[in-house]
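Below you'll find the structure, written out as structure tokens, and then a few comments.
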Amino acid sequence: MLELYHHNTSVCAVKVRLVLAEKDIDWTGHYIDIIAGEQFTPEFARLNPKCEVPVLVADGRPIRESTLINEYLEDAHPETPLRPDDPYERARMRLWCKVPDDGVHFACADLTFAAHHRHRVLEMSGDEMEEFLNNTKDPGLRERKRAAVLEGFASPFVAAAVQLYEKALDDMNDQLAHTPWLAGDDYTLADVSLTPYVNRVAMLGFGDDWPETRPHLADWFDRVQARANYQPAVRDWLPDELVAALGRNGTSCLDGYEAAKAA
Ligand SMILES: N[C@@H](CCC(=O)N[C@@H](CS)C(=O)NCC(=O)O)C(=O)O
């Protein structure tokens, strides 16, 4: 039996839910509200000392890090393969899987906090907010969160985050000009790994010009959303009011995003 500790909008949890849905694997969920700080309980810290979702528990044994969880799922459930057979092609696929882990994930956290989560954190009392921010184990991430909460798009980390994101989106568009999926002819863990990060900036309203500026990326994202795993892994977990609110916020956030892009 597989148990997944996850959160509805967490990009890393989406990565794992996409694979579970693609492979049609049964799982039981444990919902951790990471904006309310539920990841900091001692029980959850025993599963993941970094206090982050997702954690997959397979036959009582916890596995953390979404990239590694997805590799585990691929090894344990090789039916509906999501990796190329050829070792070189597989290495190329894994390069795409490293893109979030090498920086886009932190950039995504900057943008998400600056555009959305900060508004929930700012509703906390001063003491609650300090506790929430101080609970983050990684000192670098702690400072980035603090800046995004207090300063929004004026955070000194946001310009670099936007530029890193823009480069990744350009790289994807360039690749997708040559192959239908990121690692070649087939949908793989590479596409899974980038889907939630593209979805996040699209939800924040920063992708409306992609059909003109990044047509191959836009086409890929249309195909990604049309796949059978998208609805159960992504859309079913997004409250309608959140989707609507993000669309409305898009205009004001877009100014911040464009300013950061030009900085
Ligand atoms: N590298 C980790 C990152 C996990 C991560 O940052 N998870 C976020 C949600 S996407 C989280 O739980 N954040 C809690 C927090 O920042 O306190 C992975 O890929 O699983």
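For ligands, and for the atoms within them, numbers begin at 1 and follow the listed sequence. By convention here, the first residue in the shown sequence is residue 1.
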(request) Using a strict 4.0 Å threshold on nitrogen-to-oxygen distance, state whether Arg120 and Asp33 make a salt bridge. (result) yes

(request) Among all protein heavy atoms, pick the one closest to atom 10 (S) of ligand 1 and tell me residue, atom and distance. (result) Ser10 OG, 3.1 Å

(message) Is the distance from the ring center of His6 to that of Trp27 below 6.0 Å?
(response) yes

(message) Counting non-hydrogen protein atoms only, what is the nearest one to atom 1 (N) of ligand 1? Give residue, atom name and distance.
(response) Glu65 OE1, 2.6 Å

(request) Please test His7 against Trp237 for ring pair (Phe, Tyr, Trp, His ring centres under 6.0 Å), starting from the C-alpha separation and ending with a verdict. (result) CA-CA 9 Å; His7 175 253; Trp237 292 94; 9.6 Å; no

(request) Please say whether the positively charged group of Arg144, taken as NZ for Lys or CZ for Arg, lies over the ring of Phe113, i.e. under 6.0 angstrom from the six-membered ring centre and within 45 degrees of the axis. (result) no

(request) Test the Arg227-Trp220 pair against the cation-pi criterion, namely NZ or CZ under 6.0 angstrom from the six-membered ring centroid and within 45° of the ring axis. (result) no

(request) Identify the protein heavy atom lying closest to atom 16 (O) of ligand 1, giving its residue, its atom name and the separation to 0.1 Å. (result) Lys145 NZ, 2.5 Å

(message) Just to be sure I read this right, does ligand 1 sit under 4.0 Å from the backbone of His7, its side chain, both, or neither, counting only heavy atoms?
(response) neither

(message) Exactly one of Leu68, Ile63, Ile69 should register a side chain to side chain contact (heavy atoms under 4.5 Å, CB included) with Glu65. Which one does?
(response) Leu68

(request) Using a 4.0 Å heavy-atom cut-off, say whether Val11 meets ligand 1 through its side chain, its backbone, both or neither. (result) both

(message) Assess whether a salt bridge exists between Arg146 and Glu130, defined as any Lys/Arg side-chain N lying under 4.0 Å from an Asp/Glu carboxylate O.
(response) yes

(message) Could you identify the single nearest non-hydrogen protein atom to atom 20 (O) of ligand 1 and state the distance to 0.1 Å?
(response) Ser66 N, 2.9 Å

(request) Say whether Asp101, considering both its backbone and side-chain N or O atoms, lies within less than 3.5 Å of an N or O atom on ligand 1. (result) no

(request) For ligand 1, note which part of Arg64 has a heavy atom under 4.0 Å away: side chain, backbone, both or neither. (result) neither

(message) Out of all atoms in ligand 1, which are within 4.0 Å of some heavy atom of Pro54? Include the element for each.
(response) 20 (O)

(request) May I ask you to identify the nearest protein heavy atom to atom 13 (N) of ligand 1, giving residue, atom name and distance to one decimal place in Å? (result) Ile34 CD1, 4.0 Å

(message) Tell me whether the count of non-hydrogen atoms from other residues, nucleotides or ligands lying under 6.0 Å of CG in Asp222 goes above 12.
(response) yes

(message) I'd like to know if Asp170 and Arg214 make a salt bridge, using a cut-off of under 4.0 Å between side-chain N and carboxylate O.
(response) yes

(request) For atom 14 (C) of ligand 1, grab the closest protein heavy atom and report residue, atom and distance to one decimal in Å. (result) Gln39 NE2, 3.4 Å

(message) Checking a contact table here: which protein heavy atom is nearest atom 8 (C) of ligand 1, and how many Å away?
(response) Val53 O, 3.7 Å

(message) I need the nearest protein heavy-atom contact for atom 6 (O) of ligand 1: residue, atom name and distance, please.
(response) His105 NE2, 2.8 Å

